[in-house]
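Per chain, numbering begins at 1; letters A, B, ... match sequence-line order. For clarity, every value in this text was computed on a predicted model and none was experimentally measured.
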Amino acid sequence: MKDRYESKDIEPAVQAEWEAAGSFAAREDAAKPKYYCLCMFPYPSGRLHMGHVRNYTIGDVLARYMRMQGYNVLQPMGWDAFGLPAENAAIENNVPPAKWTRDNIRHMKGQLKSLGFAIDWSRELATCDADYYRWNQWLFLRMLERGIAYKTTGTVNWDPVDQTVLANEQVIDGRGWRTGALVEKREIPMYYLRITQYAEELLAALDRLPDWPDRVRTMQANWIGRSEGVNLAFPYDIAGNRGELKVFTTRADTIMGVTFVAVAAEHPLAELAAGRDAKLRAFVDECRRGSIMEADLATMEKKGVATGLSVRHPITGAEVPVWVGNYVLMAYGEGAVMGVPGHDERDFAFAKKYGLPILPVIDVAGKPYSTDAWQPWYAEYGVCVHSGPYDGLDFNAATNAIAKDLEAKGLGRKQVVWRLRDWGISRQRYWGCPIPIIHCPTCGDVPVPDDQLPVRLPEDLVPDGSGNPLAKSKAFLECRCPKCGAAARRETDTMDTFVDSSWYFFRFASAGNDRAMVDGRAAYWLPVDQYIGGIEHAILHLLYSRFWTRVMRDCGLTDLDEPFQRLLTQGMVLNEIWFRKPATGRIAYYNPAEIEAGGEGDARKGVLKSDGQPVEYGGIGTMSKSRKNGVDPQDLVERYGADTARLFTMSNVPPEHTFEWSDEGAEGAFRFLKRLWKIVHAHVEGGPAQELDVAALDGPQRDMRRQVHQALVKVGDDIGRRRTFNTAIAATMELLNALGRFADSSPAGRAVMQEALDFMVLVLSPVIPHAAQAMWRGLGHATLVVDERWPQHDPAALVQETVEIVVQVNGRLRARIAVAAGADEAIAREAALADPGVAKFVAGQPVRKLIYVPGKLVNVVV
RNA sequence: GCCGGGAUGGCGGAAUUGGCAGACGCAGUGGACUCAAAAUCCACCGGAUCGGAAGAUUCUUGCGGGUUCGACUCCCGCUCCCGGCACCA
C-alpha cells in the first residue's frame, strides 16, 4: 500500500477491475430479492452539472448499499435526449440537433464513467433512438383506439415575426426571446391524452404510497384538485340567439349574490358583442395577446369591459350583465365564471373597480360586513342571508337546496370537477418523437399502421428558428395514405418530451427487445424500488409516469398500478445568477465564476471579470444551462478525484435539502480521505494484526470497540432507513477522530484497530468505492469490496455499565450524573437530588413533581 | 396570485418519537514543525455579565403569541427565501 493517497492511480485501475469482473451487469435471478434503483435520467445538455453528480451519487450509494445487503441490484442509465435545447444549439451552431445530442451523450457518458457509478451500461437507451420512440408511437396508437388520445384545439404562444410557436420559457415579458415581438395566442389543433379519466384513481392511490415524501403526495393531490360544486346555466335570448351561459362554482350557496358574469375574450358572447362595439373589440384583441401561463394570469391586473349584453339569473330570472374579463380562460371549464363580489376577493376588487353592486348574502358567525373593504372572513362558509328561500341555511344545506331547484328548472346540477386538465402532447417542434398520423385529403387523419412503425425522424435537418423544419422537409412530409393509397402528408408535430420520460424505466428492464415494448424481464424488475430525482419533478413527470403506467396496465402490458415504490426527492443545487439585459433581444447570462462579486461591500453587486463592466444580480436559483450558472464537476474530479467529489456532495447537507453551492468544502472531504488513508497505511505498516479476542480487551480497548460498533449501527441506519448520508459521513469522521486518539499498539489494540478499519472501509465503500477498494487490499483482503456484505455489529460490544443522564430543575439543565444502566426512578431520584449542582437550585424547596426518562434525563419540578 | 417546502453560530448543517441546542465539516484565531511557505499535527472557536484562571450565571433556533414539568420540534398569526403552476427538463 502506498503511503500517499493518489486518486489518479487508484480510480482508473479499480474501474478496470469492475469492468473486467462485469460487476454491474444485472441478471434476472428469481432466487434473489431484486432491487431496482433508479435515478432520473439526464437531459444530455453537454456536460454534467453538480445536480447530476448529487443525484447519481445518492443513487449509487443506495445501489451499492443494497447490494451489500444481499440484493440483486439493477442500476441503469439512459438519456432524455429529445428537447428544446438541442434545437437552440442547432440554430446557434448550425449543426443538426442529432449530432449535437449524440456528441453530448458521448461526453457525458465518459464523465459518468469517471465518477465510478455502478451502472449496468448494457441497458443504456436514448429516447431519440427509433428503437425507443417507436414504442411511444405504438402506445399512442393504442390510446387512440381506446379513446384515451384525442384531437382538439389548444392555445399556444405565437411569435408573429418568426412565424413559430414558442415555449413558455421563450416568452419574456410577453415578447419572443429571439425577435422581441409581442407574442400572440393561437388556437391550433393538438392531440391530448385523457389523464382526467384517471384523476380519481391517481388521487386515491396517493394514500398507498407511504414511501413517498408527504410534500410530493400533497402537491399531487392539490394538483389533481378534486372539488365538488354545481354546474349551472344562465339562459339568454340575445338578438334572436338563444342559449345558455354555463359556469361552474364551488360556492353555489352564494348564488343569490351574483351581480355579474365574466367570460373569456374568446367566448362566443364576447365575439358577438365585440362585433358591434369598437372599445370591446380592442379589449378582446388585447386579451388575445395575453399570456397563456397561469402564474401570469393570476398575478396580472384584473381588467374587464362590459358587453352591454345580459343573461338571466337561473333562480330569480333577474338580468345579470355580461362582462369580458382578461382573467377568464377559455380553455378552463366553460370559459365563463359567475361574479359574486360579496364573497370572492377577486370579484370584490373587480366590482369596486367597475362600480358593480356588492351583495352580502352569507353571514359568518355575526362577523361584521362592510362593502368598504375586503375582509378575509367574507369568503368563509356561513349562513345564507338576503337569499329569499335559502335564508338560514348553512353551506351544505344551501348547496343542496339550490342544486335541487336548479335541477328542477333544468338549469344545473351538482358535479365533481377536477383541477387536473388533459395532457396536451403536440409540439410544433422538430427534435421530438413524430406523432404517427397521416393526413389524407379524402380519409382525414389516419393512424400509421403498426407495421409501418417507427415513423423515423430525419436526423439531418437544421432548424433556423422559424417554424418547424419537418414542415419544410418534402422527404418527411410526403407519403401515401395507408387507407386509400393517395398522396398524403405526415403530421409534423412531435410529442411532448414528458412522453419519453413517462415509461423509460420499463424499457431498461426490456432492453433490446425489438418486437415488444416490454417483456417478462420488466415483470421481474418493476416496480422501481427506489426512485431518485429533483424535487422540481414532484408533479408533472411523476404524475405523467403514474398515468402512463396505468395506461400500460389497461393495455395488458404490466400488472402494476404504480411505477415507483419509494421516492427520494433531492433538493436542487443552487447557485448565484448574474445577467445583463440589453434594450432589445435576449438576456445574456454569465457563470458566477466569471463574476467579481462584492463591489462596494455588497454581495449583490458584481462586474464581469473579462470587461470590468457591471452585471445584474438575479438572486440564488437552480443551476441551469439557460442561466449559465452551472458548476463543472469535472474540475472537482480532476483536482481531487471522483471519490472526493462523491464524498463532498454527500456530506454536509441532507439529500432533500437545497444545496447552495460554494467553492469551499471539497478540501474538507479530501482531507478526511487523506487522513483515513494515512491511518490505514500506518496500521498496515505494523504488519498483520492478531485475531480479535474480545474477552481479553482492557477498558479503553472495550470503549474504543464500543464506539466502533455504535458508529456501525448509526451509519447503517442513516443510509438504510433515514437516507441522511450527511450524518452517516459525520459519524465516520467522528470515529476517525477517535481512532486517531486511540494510540494502542499492543496486539489487542491492533486487533481492535483492524476490525475498526475493516468496518470503516466497508461502510464508506458505497460513497468512496475506489479508495475503499485500495484500502481493503491494503488491509489484507483479496476480494472486491463490491462483492462484500455489510458488516454485522456485535450487540455485546454496545453494552454499557453506566450511563450519563442529565438533571434539570424546572426544565433547566443543572447537572449531569452517572447512574447504572437500567437504574430505576428511585435510584435516579436519589442520585439527582444528591448532586450539589442540583441541590443548589432545589435549595430546600419541596419537590412537586419529578420526571424521569430512563437513560436520558431527570427533571425536578420545585 | 395559488399549491408545496424552508429559516438554528461568521458559513453548511446536527439534535431520529416533545427531553443535553450547536454533532460533523468549512472559515477563523493561537501554537508546533519549517530557513520560509505549502502540507500536516495540537489547542481554541454563539452572545453577554462576573472571574487572574478554572469556572459560574444568563440570553440565544426568522418575528409575535400559545400548549407543556420541558418546545428547534406541536398549535395560531406574520415576515423573508426557494420549488412548481401544465410548451425548460
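Whole-Å rounding puts the A:L647 CG to B:C24 P distance at 16 Å. Separating the CH2 atom of A:W223 from the P atom of B:C2 is a distance of 16 Å, rounded to the nearest angstrom. Going from atom CE of A:M108 over to atom C1' of B:A89 covers 12 Å, rounded to whole Å. As a whole-Å value, the separation of A:E345 CD from B:C2 P is 8 Å. Rounded to an integer number of Å, the gap from A:E734 CD to B:G25 P is 8 Å. Atom-to-atom, NE2 of A:H657 to P of B:A7 comes out at 6 Å; the value is rounded to the nearest Å. Between A:R814 atom CZ and B:C69 atom P the separation is 19 Å, expressed in whole Å. Between A:W212 atom CH2 and B:G5 atom P the separation is 16 Å, expressed in whole Å.
With both pairing distances under 3.5 Å, B:C41 is matched to B:G31 as a Watson-Crick or G-U wobble pair. Under the Watson-Crick or G-U wobble criterion, with both distances below 3.5 Å, B:C2 is paired with B:G84.
Position along RNA chain B of the nearest nucleotide to A:T727 versus A:N810 favours A:T727 as the more 5'-ward residue. With RNA chain B read from its 5' end, the first of the two nearest nucleotides for A:R427 and A:M219 is the one closest to A:M219.
For the pair A:R178 and A:D162, the salt-bridge criterion is met [side-chain N within less than 4.0 Å of a carboxylate O].
Of the candidate nucleotides B:A89, B:A86, B:G25, B:A86 has the atom lying nearest to any side-chain atom of A:R421. Set against B:G25, B:C88, B:G13, the side chain of A:N737 has B:G25 as its closest nucleotide. Distance from the side chain of A:A298 is smallest for B:G1 among the nucleotides B:C20, B:G1, B:C85. Nearest nucleotide to the side chain of A:V806, out of B:U40, B:C20, B:G19: B:C20. Closest to the A:N652 side chain, of the nucleotides B:U58, B:A27, B:G25, is B:G25. Checked against B:A86, B:G19, B:C24, the side chain of A:L857 finds its nearest nucleotide in B:G19.
By the rule that a glycosidic angle within 90° of 0 means syn, B:G9 counts as syn.
Within a 6.0 Å sphere centred on CZ of A:R419, heavy atoms belonging to other residues, nucleotides or ligands number more than 12.
Residues A:Y378 and A:W374 place their aromatic rings such that the two centres sit under 6.0 Å apart. The ring of A:Y132 has its center no closer than 6.0 angstrom to the ring center of A:Y504. Ring centers of A:Y192 and A:W423: at least 6.0 Å apart, outside the cut-off.
Phosphate contact (OP1/OP2 of B:A27, side-chain N/O of A:R671, threshold under 4.0 Å): present. Taking side-chain N and O atoms only, A:R675 has a distance below 4.0 Å to OP1 or OP2 of B:C41.
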